[in-house]
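Some notes on the structure that comes next.
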Amino acid sequence: MSTMGRRVCTIAAIAVFCLAAQEPKGPAPYMEEEVRYSSTHTPGVELSGTFTKPRTDAPVPAVLLLSGAGPQDRDETTAGHKPFLVLADYLTRRNVAVLRTDKRGVNQSTGDYKTATTADFASDAQTGLEYLASRKDVDHKRIGLIGHGEGAIEAAMVAATAPQLVRFAVLLNGTAYTGEKVLLEQTSRAEIASGFPEDEVDADLRIGAGVYRMVSNGRSQFEMEQALNKVPEEYRPFAEPWKRRLPQLQSPWLRFFLSYDPAAALEKMKCPVLALFGEKDMTIDPDLNASQMKSIFSHAHNHEAKVKILPGLNYLLQKADTGLSREYGTISETMSPVALETISNWVTKQTER
C-alpha cells in the first residue's frame, strides 16, 4: 500500500483504519478487572462488567456508566464505535475509577432483556452503585453516575429515589419530556432533515401519535392494525410502514417509555448535575430538552445543576455534519475531545470536594 493509501481513510475503509483511532492501545496505566454481581432488586439478574481503577492503594472516586436505549453492551458499541470504552479509559487515566456493564440479558449479563423497562434498568443501576460502595478500593462518598440517552433517564431516577448513593450525576443527551413527545420530535426532525415532503412528515406525526397512544393504552396488535385500516384515504400510503412496525411496538419497554415523564425525577435531584447536549443531535432535540431541564432545575432550586449544549456534536457526542444516525459510522472520532474534557473536568471538581 502506498504512503497516501495508509494516510487516507475512505468511507469504505473507515471501519478498518479509523473507527478504532481513540480506543486505548497497549498496556493501560491502570488496573482492569472483570466483575460480576447479583441484582439486589430482581432475582435471577447477574450483571457482568469491567471495572477500571488507578494504580493506587488509596480509595478512589468512581462512576458507573449507564448506556442508551437498546441491547447495549458494556462499551455501548454503536456503528463500529465503543464510546464507553473510550470514556472509561479517559476518566481512569485521570484518577477516577469506572464501572461499565452489559445490560441485563445482553452478552455476559443474565436476565430477560425483552421484558425489562427503563425502571428495571434503573434498578440495575442502583445495584451497580451498591456494588461500588461495597468495594474497599472505592471512596463510597465520591460515587457518581454518567448516563447517556436512556441511561440519563435512569441516572435521574436513581438519584431521585436513592440520593444517599449518588454524589453527582452527568446526563448526556438526556430527555425532559415523555417518551411519546421525544419519539415524535425525533421522527419530525429526522424526516425534515432528510428532505421528506411536508405532507409526509405531517402524516407520520398524526399516525404516530395515534399509534403511540394505543401502545400506551395496551391495545393489541390486531386492534392497532384495524385502526390503521380506517385512517383517511390520504393517509393510507403512510400508514403501511406503521403496520409493518406493529410487532416491534408491543414491548413492555416501549409502553413504559412512551408514558414516563422524567421531569418528576429531575426535579427531585439534589446532587450536582451536569447535563450535556450535542447541538446537532437528531435523536434528542437539544434545544427543547436543555431548555426544559434548565427550567426544572431552576424550579427545584438545584443551584449545582449545569446545562450546556456543545456546538457541532451529535447524539454520540461526535463532531458531525448532519447529526443523523446514518453518519455515525462515517466519523473517525468516537467521542469529541471537547466532550471528554468537559465531562472529566467537571467530574474531577465534584470528586475533589
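Counting begins at 1 with the first residue of the sequence. No experiment lies behind these values; they were computed from the predicted model shown. Because only heavy atoms are used, hydrogens play no part in the values below, and waters and symmetry mates are left out as well, while side chains stay in.
- For CD of Glu223, the number of neighbouring non-hydrogen atoms (other residues, nucleotides, ligands) closer than 6.0 Å is greater than 12.
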Review point. So Glu23 and Leu85, side-chain contact (heavy atoms from CB on, under 4.5 Å) or not? Walk me through it.
Key: CA-CA 7 Å; Glu23 291 181 17; Leu85 172 61; 4.1 Å; yes
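- Taking the six-membered ring for Trp and the full ring otherwise, the centers of Phe297 and His303 sit at least 6.0 Å from each other.
- For the pair Lys103 and Phe121, the distance from NZ or CZ to the six-membered ring centre is under 6.0 Å and the angle to the ring normal is within 45 degrees.
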Point to revise | salt bridge (charged side-chain N to carboxylate O under 4.0 Å, His left out) between Glu240 and Lys243, intermediate numbers included | key: CA-CA 5 Å; Glu240 291 305 314; Lys243 288 183 186 179; 3.1 Å; yes
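- For the pair Leu145 and Val158, the minimum side-chain heavy-atom distance is below 4.5 Å.
- Side chains of Tyr30 and Arg93: no donor on one and acceptor on the other come within 3.5 Å.
- No hydrogens or angles considered: nothing links the side chains of Thr52 and Arg100 as a donor-acceptor pair under 3.5 Å.
- Once rounded to the nearest 0.5 Å, the distance linking NE2 of His148 with CG of Leu317 reads 5.5 Å.
- Looking at Gln318 and His81, their side chains do bring a donor and an acceptor atom within 3.5 Å of each other.
- With no hydrogens or angles considered, a side-chain donor-acceptor pair links Glu130 and Thr40 at under 3.5 Å.
- Ring planes of Phe168 and Trp346: perpendicular class, angle over 60° (limits at 30 and 60°).
- Taking CD from Glu185 and OG1 from Thr283, the interatomic distance works out to 13.0 Å, rounded to the nearest 0.5 Å.
- In terms of modelled atom types and a separation under 3.5 Å, the side chain of Arg213 and the main chain of Glu180 share no donor-acceptor contact.
- Considering OH of Tyr315 and CD of Glu327, their distance stands at 16.0 Å, rounded to 0.5 Å.
- The NE2 atom of His301 lies 9.0 Å from the CD atom of Glu267; values are rounded to the nearest 0.5 Å.
- Atom CZ of Arg326 is surrounded by 12 or fewer heavy atoms from other residues, nucleotides or ligands within 6.0 Å.
- Using modelled atom types and a 3.5 Å distance limit, the side chains of Arg74 and Thr101 yield no donor-acceptor pair.
- In this structure the side chain of Ile146 reaches within 4.5 angstrom of the side chain of Ile343, judged on heavy atoms.
- Cation-pi geometry between Arg135 and Phe51 is satisfied (NZ or CZ under 6.0 Å from the ring centre, within 45° of the ring normal).
- In this structure, the side chains of Pro59 and Asp137 stay at 4.5 Å or more apart for every pair of heavy atoms.
- Side-chain contact between Lys136 and Val138 is absent, with no heavy-atom pair separated by less than 4.5 Å.
- The OG atom of Ser344 lies 5.0 Å from the OH atom of Tyr90; values are rounded to the nearest 0.5 Å.
- In this structure a side-chain-to-backbone donor-acceptor pair under 3.5 Å is present from Arg236 to Val231.
- Residues Thr178 and Leu258 fail the side-chain proximity criterion, which asks for heavy atoms closer than 4.5 Å.
- Between Ser39 and Arg104, the side chains place no donor N or O within less than 3.5 Å of an acceptor N or O (distance only, hydrogens not considered).
- Within the model, atoms CG of Leu47 and CG of Asp124 stand 4.5 Å from one another, a figure rounded to the nearest 0.5 Å.
- Ion pairing of Asp285 with Arg189 is present here, as a side-chain N (NZ or NE/NH1/NH2) and a carboxylate O approach within less than 4.0 Å.
- Using a 3.5 Å distance cut-off with no hydrogens or angles, the side chains of Glu34 and Thr50 do pair a donor with an acceptor.
- Between Arg167 and Pro272 there is a side-chain heavy-atom pair separated by less than 4.5 Å.
- Tyr212 has its ring centre less than 6.0 Å from the ring centre of Trp242.
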Practice item. Mind running side-chain hydrogen bond (donor to acceptor under 3.5 Å, both in side chains) on Ser123 and His41 for me, showing each step along the way? Key: CA-CA 6 Å; Ser123 74; His41 306 275; 5.7 Å; no
